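Excluded from the calculations below are hydrogen atoms, water molecules and symmetry mates; all remaining heavy atoms, backbone and side chain alike, are included. Note that this is a predicted model, so its numbers are computed, not measured. By convention here, the first residue in the shown sequence is residue 1.
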Amino acid sequence: MGLWNKLTNELIDIIQWTDDTSDTMLYRFYRPDNEIKNGAKLVVREGQAAAFVNEGQLADVFFPGTYTLTTQNIPILSKLRGWKYGFDSPFKAEVYFVSTRLFTDRKWGTPNPIMLRDAEFGMVRLRAFGTFAVRVKYPPVFLRELVGTNARFTLDDIEGQLRDLVTTRFSDAVGGSKIAALDLAGQYGQLADLVTGKIQPEFASFGLEIVKLLIENISLPPEVEAAMDKRTSMGVIGDLKAYSQYQTGNAIGDAANNPGGLAGAGLGAGFAVAQQMGQAMNAAPNVTPPPIPGNASASFFAVIDGKQAGPFDPAQLQQNLAAGKFTPGTLVWQPGMEQWIAASKVPALASMLASVPPPIPK
């Protein structure tokens, strides 16, 4: 060892780490031959922890503060080295600084679509992406499980594994939540909390903690999005008949303001719009209006032989009339009547009943 290195070794008695990176999770403090002087100062800054390792065994762990290294504040290392009455000469030990600050804006996403059974659309495929924040919560566990003998450990060394864990647990949460595909957009917070609860124990096994997980987007297949757009459009239009009337009125108004007058091209455009709207109305399901009360061509229900029968059209009523089963006193009813009334009181049946001769006198 050169004279300068020896003098430098003797003068350095402060152990500290100033991190100028954004992704370093662990740094092994460098000192030639790992020699630490008796009474050396250990400086642990906020967002850091320091751990002593003696011959491969984890010893004492220090959290933010300034420490003078003596046998009193490194009891585990003193026990491992067999120091019963203190020490005066330098000792050898590795010092690891662990960054306990928050590492934010870590990306995650589904590399392949997630298959989901939806009650409305059947099997659908979803894609999702978001961010999460992570930090070291248990430095001893972190050192044992992930670091090994690395002199420097960065977030890139573990980020791929963490991203896969988040994606897998997100898939499990979505599949088990039974939330309809159309309702997922309003459940991002609930899903994020569910994923966080599932994944926290797995992060803890590495000495880590997931602090915040965010779902930025869940995208649906194009065909499902198209169905949603159609449904939204119909909801905006509302009453198709009223909408067509409104459009036709606007078209006629525009034609009136046209220099060519109503006979010009504007009127033709208005008629075209009206025709299109009429076609749309014709495409709508037909609803048969109720029969007009008192219409003789409409069907009637009748009480025959003490039981409700019918409905009977006029021809069938005529046959029952000829057979003597239908008389002026027979109770009848048709849609639009408030109650059953005698056939003789229904104007629409008057002509039919008048053609029947009165009973033969005895």
Is the closest side-chain heavy-atom distance between [X] and [Y] below 4.5 Å?
{"X": "M25", "Y": "F103", "value": "yes"}
{"X": "R106", "Y": "V166", "value": "no"}
{"X": "F132", "Y": "I199", "value": "no"}
{"X": "F312", "Y": "F326", "value": "no"}

**OP:** Quick one: list whatever passes side chain to side chain donor-acceptor pair (under 3.5 Å) with E145, sequence neighbours left out.
**Re:** none

Original post:
Think R144 forms a cation-pi with F142, using NZ or CZ under 6.0 Å from the six-ring centre and within 45 degrees of its axis?
Top reply: no

Subject >> Result of checking W17, Y96, F153 against Y27 for ring-ring contact (aromatic ring centres under 6.0 Å, His included) >> reply: W17

Original post:
Counting N and O atoms only, with roles assigned by atom type, does the side chain of T110 sit under 3.5 Å from a partner on the main chain of R127, one being a donor and the other an acceptor?
Top reply: no

Original post:
Between the main-chain N or O of E202 and the side-chain N or O of S205, is there a donor-acceptor pair closer than 3.5 Å?
Top reply: yes

Subject >> Aromatic ring pairing F62/F52, orientation class (parallel under 30°, perpendicular over 60°, tilted between) >> reply: perpendicular

Original post:
Relative to each other, are the rings of W333 and W340 parallel, tilted or perpendicular (30° and 60° limits)?
Top reply: tilted

Subject >> Carboxylate-amine/guanidinium proximity below 4.0 Å for R152 and D157 >> reply: no

Subject >> Interatomic spacing from CG in L42 to CG in D60 - rounded to 0.5 Å >> reply: 10.5 Å

Subject >> Pairs touching residues 167-217 that satisfy ring-ring contact (aromatic ring centres under 6.0 Å, His included), sequence neighbours left out >> reply: W108-F170

**OP:** Starting from the C-alpha separation in whole Å, work towards a yes-or-no answer on side chain to side chain contact (heavy atoms under 4.5 Å, CB included) for K41 and T68.
**Re:** CA-CA 5 Å; K41 298 291 185 182; T68 299; 2.7 Å; yes

Original post:
Does D172 have any salt bridge (Lys or Arg N to Asp or Glu O under 4.0 Å) partners at least two apart in sequence or in another chain, and if so, which?
Top reply: R169

**OP:** Please report the closest heavy-atom contact between T330 and K325, naming both atoms and the distance.
**Re:** OG1-O, 3.9 Å

